[in-house]
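Notes follow once the structure below has been shown.
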Amino acid sequence: MQRLAPLMEEPVDQEEQDQERGGRTVRTKSWKKWIKTQLQSMIIHKKPDAKVLLSVLGCPLFPVPPLSKMSLQQVSSSAQYIIQHFAAATGCKKLERGIKNTFVTGKITMTMMNDLSGSATVNASPVSHKGCFVMWQMLPEKWLIELVAGGHKISAGSDGEIAWRYTPWLGDHAAKGAIRPLRRTLQGLDPLTISSVFSSAQFVGEKEINGKDCFVLKLSTDQVDLTRRSDSTAEMIKHVAFGYFSQKSGLLLCLEDSSLTRIQTPGSLPTYWETSMSSWMEDYRAIEGSEVVIAHSGRTDVLISRFGENLKGGISVTRMEERWTIDDVAFDVPGLSIDCFIPPKEMKMDFHHQDGPNTFPELLDERQKL
């Protein structure tokens, strides 16, 4: 009787042929295809407010790009001590020395908190949507994420030249401006990108966060990039970010960023949109089998304020929340290559020929429904 092959515990593609090497059976792993199958199975019972949550919270970009090829020993003097303390606390020098790629899976719960009126009253019964995400990353500028919540699946990525996003309601579309990292990676998930991004930050003082003394670093989008991310109807006025690093542990405990956009169509009065995002990182611990320390859970709060002379009801404020947990992190996943991050061909052609908006258009489209 022929001996049965050992049972594999990791996901494999059963349609791929077994390869015989030296009398041993080797099955090719298909992590990406398996994950896509799991995400697809969650696309049921679509809910309308999930589109707004996914547009704002799903995969936003960080305000500024990381410093290219910047050694951790060459950071600006104002942030040098803070960044080196963070690098030592998270073990990110190991990432800098030779880890080629990273694979991450996690769970999310997004909640649409009801609108806050000018009288600061809050309606009851917020609606929550549970989901999950999977992310691949190869260096800070090459990344891909797929996320499902509320019956909708979205994806986004970057090949180092184009940052793009796909949603079922808008299809593929690109973001202009500087190539910026995914904000989710800076939520305590990628110490090397955090170190690189905040290397050019300005030290602006100290602040207590959840009872812990923190150093505060500030980053601002430069005027050139703000202009590139604006168009004839939407002018991005500012986009700033703050990182709060524990004075004791060196870890990034809180990440804040806010943007202000002026919107005006011909023949109408201007409307201003201010979006503020605050993330609190929790459960910092080493990845199993590694010395790298990341945040395994956290919470992000979003406030979207709309104001202007043409709004009869005064300032309109909407609040959203996301809670996340990290399930699995793996380094140097076999088979992951730069080809995995190539954007759709049609979108790449459009990107090099269009002069349209520099921000993801769905943010403004969906906010008009808030």
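The basis for the numbers below is simple: all heavy atoms, side chains too, and nothing from hydrogens, waters or symmetry mates.
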Does a sphere of radius 6.0 Å around [atom1] in [X] hold more than 12 heavy atoms from other residues, nucleotides or ligands, not counting ones at 6.0 Å or beyond?
X    : atom1 : value
E208 : CD    : yes
I209 : CD1   : yes
E291 : CD    : no

Roughly how far apart are [X] [atom1] and [Y] [atom2], rounded to 0.5 Å?
X    : Y    : atom1 : atom2 : answer
T193 : R183 : OG1   : CZ    : 14.0 Å
H85  : L251 : NE2   : CG    : 8.0 Å
W273 : I237 : CH2   : CD1   : 14.0 Å
M113 : L303 : CE    : CG    : 10.5 Å
R180 : S158 : CZ    : OG    : 10.5 Å
C59  : W143 : SG    : CH2   : 6.5 Å

Practice item. May I ask you to say whether D327 pairs ionically with K107, meaning some side-chain N is under 4.0 Å from a carboxylate O? Key: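 Looking at K107 together with D327, the answer is yes, because their closest N to O distance falls below 4.0 Å.
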Does any part of the side chain of [Y], heavy atoms only, come nearer than 4.5 Å to the side chain of [X], both counted from C-beta?
X    : Y    : result
S259 : P63  : no
Q187 : M281 : yes
L336 : F341 : yes

Exercise for review: Decide whether M320 and W169 are clustered together by the hydrophobic rule: side chain heavy atoms of Ile, Leu, Val, Met, Phe, Trp, Tyr closer than 4.5 Å, transitively.
Suggested key: yes
Work out which heavy atom in [X] is nearest to a heavy atom in [Y]; give both atom names and the distance.
X    : Y    : result
G91  : V292 : O-CG2, 3.9 Å
L217 : A201 : CB-CB, 3.7 Å
M277 : P60  : CE-CG, 4.1 Å
I179 : I162 : CD1-N, 3.8 Å

Review point. Pick one: which of Y244, F245, F198, Y284 meets ring pair (Phe, Tyr, Trp, His ring centres under 6.0 Å) with F86?
Key: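 Running ring pair (Phe, Tyr, Trp, His ring centres under 6.0 Å) over Y244, F245, F198, Y284 with F86 returns exactly one hit, F245.
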